[in-house]
Each structure stands twice: as structure tokens, then as C-alpha cells.
Amino acid sequence: MAIASVVATRSTCLRRKVGAVIVRDRQIISTGYNGAPKGVLHCAEVGCLRERLGIPSGERHEICRGAHAEINAIVQAAATGSATAGADLYCTHEPCSFCTKAMINAGIRRVLFVFPYPDPLARQLREEAGLEAVNLPESTLLVKV
């Protein structure tokens with residue numbers, strides 16, 4: 001979790017810094033932070049559309065130019081040919097329902113996080129899929145996010 005908090009410092013999101021680390025067999029296989037796709041301007045450069053439109057946190061994820069840390073970690077693993085089945089995902093924040101669906105399909109077996117996120121659908125999906133979730137204390141972070 002300490003590494004996930006350091007990864008979060010790379011985030012280019014203006015609203016929330018999130019970091020994720022995927023670990024399989026006690027080895028880090030990928031990391032991710034929330035930010036725009038490769039080659040696309042980041043919110044830090046062009047501003048936050050959701051902020052300009054007054055959209056509250058947790059709503060209308062689809063109009064954000066950035067991808068969430070969990071998705072970016074899964075994509076990085078895929079891009080480098082690293083299997084995620086049976087892995088754990090450490091994330092500074094509890095995953096939303098979009099990321100939860102991706103984690104289930106990627107075969108992630110357990111997600112560990114520090115900061116809860118109010119998404120009842122994500123919790124329901126995790127329960128139905130048998131994806132274990134562990135809420136860790138803030139003291140497990142190395143860097144304040």
C-alpha cells in the first residue's frame with residue numbers, strides 16, 4: 001500500500017490522487033495512477049471538464065478525460081503480457097463500479113484499499129463475484145494522498 005501511495009503522486013487529476021499496484025505471487029506486476037491516456041493532454045494542462053460543469057464527485061465518470069488508476073494498472077499488465085488472474089490489487093481508494101467490473105474480468109482475487117468510496121453497486125458486484133475487499137488503515141500509506 002505504501003507503494004500505491006507513492007504511485008498516486010504521479011496522478012494528473014485535479015480532484016483526487018489515486019494509485020494502484022497489482023501484485024501476484026508477492027511480485028509487483030504493474031502500477032497505475034489516474035490520468036489521461038498516452039499522448040492526450042492531462043487535466044493539469046487543460047483543466048477539469050467535470051469541475052467546469054459542476055459535476056459532483058462519484059458521478060458521470062464517462063465525461064472525465066482520465067482513466068482510473070485500477071484500469072491503468074490492468075491495462076499496463078495487459079500491455080506487457082503479465083497475467084492478472086489470481087492477483088491482488090492495492091489501491092489508495094476503494095474502486096468504483098467501472099473499475100470493479102474490470103477487476104472481476106481481469107481475475108483479480110482481492111482488492112485492498114484505504115479510503116472508502118460511496119459506490120453501492122461496486123460493493124454488490126464484488127460480493128456477487130467473490131472479489132474480496134479489505135479496508136486498510138491510513139497508516140499503511142507512505143505518502144499522504
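Every value quoted in this text rests on a predicted model; they were computed, and no experiment measured them.
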[X] side, atom [atom1]; [Y] side, atom [atom2] - distance, nearest 0.5 Å:
X: Thr84; Y: Ile74; atom1: OG1; atom2: CD1; result: 6.5 Å
X: Ser82; Y: Ile28; atom1: OG; atom2: CD1; result: 12.0 Å
X: Lys17; Y: Thr9; atom1: NZ; atom2: OG1; result: 9.0 Å
X: Thr100; Y: Ile108; atom1: OG1; atom2: CD1; result: 11.0 Å
X: Met1; Y: Cys91; atom1: CE; atom2: SG; result: 7.0 Å
X: Ser97; Y: Arg123; atom1: OG; atom2: CZ; result: 11.5 Å

Give a yes or no on whether [X] and [Y] share a hydrophobic cluster (residues Ile, Leu, Val, Met, Phe, Trp, Tyr; joining criterion: side-chain heavy atoms under 4.5 Å apart).
X: Val75; Y: Ile104; answer: no
X: Val143; Y: Tyr33; answer: no
X: Val46; Y: Leu53; answer: no
X: Val114; Y: Val134; answer: yes

I'd like to check [X] versus [Y] (side-chain heavy atoms, cut-off strictly below 4.5 Å). Are they in contact?
X: Ile63; Y: Ile55; answer: yes
X: Phe98; Y: Met103; answer: no
X: Asn135; Y: Phe113; answer: yes
X: Val111; Y: Arg126; answer: yes
X: Ser30; Y: Ile22; answer: yes
X: Asp88; Y: Leu112; answer: yes
X: Glu94; Y: Asp119; answer: no
X: Val18; Y: Val145; answer: no

Identify the heavy atoms of [X] and [Y] that sit nearest to each other, and give their distance.
X: Ile71; Y: Ala102; result: CD1-CB, 3.4 Å
X: Arg65; Y: Leu41; result: NE-O, 2.6 Å
X: Gly32; Y: Asn72; result: CA-CB, 4.1 Å
X: Ala73; Y: Ala20; result: CB-CB, 4.3 Å
X: Ala8; Y: Gly19; result: CB-N, 3.4 Å
X: Ala122; Y: Cys96; result: CB-C, 3.7 Å

When you measure from the side chain of [X] to the backbone N and O of [Y], does any donor-acceptor pair fall under 3.5 Å?
X: Ser5; Y: Leu142; value: yes
X: Glu127; Y: Gln124; value: no
X: His42; Y: Thr12; value: no

>> If the threshold is 4.0 Å, N to carboxylate O, is there a salt bridge linking Lys144 and Glu138?
In response: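 Yes, Lys144 and Glu138 are salt-bridged.
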>> Salt bridge check, Arg60 against Glu62: does any charged N sit closer than 4.0 Å to a carboxylate O?
In response: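 Salt bridge between Glu62 and Arg60, a charged N being under 4.0 Å from a carboxylate O: yes.
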> Between Arg15 and Ser57, does a side-chain hydrogen bond (donor to acceptor under 3.5 Å, both in side chains) hold up when you go through it step by step?
Replying inline: CA-CA 8 Å; Arg15 289 181 146 193; Ser57 180; 5.4 Å; no
> Is it true that His93 and Phe115 have ring centroids separated by less than 6.0 Å?
Replying inline: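 That pair passes the under 6.0 Å test.
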>> Looking at Ile3, I want to see if its CD1 is surrounded by more than 12 non-hydrogen atoms of other residues, nucleotides or ligands under 6.0 Å.
In response: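 No - once you tally the heavy atoms of other residues, nucleotides and ligands closer than 6.0 Å, there are 12 at most.
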> Parallel, tilted or perpendicular: which describes the rings of His61 and Tyr117, with under 30° parallel and over 60° perpendicular?
Replying inline: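 Rings of His61 and Tyr117: tilted, as their planes differ by 30° to 60°.
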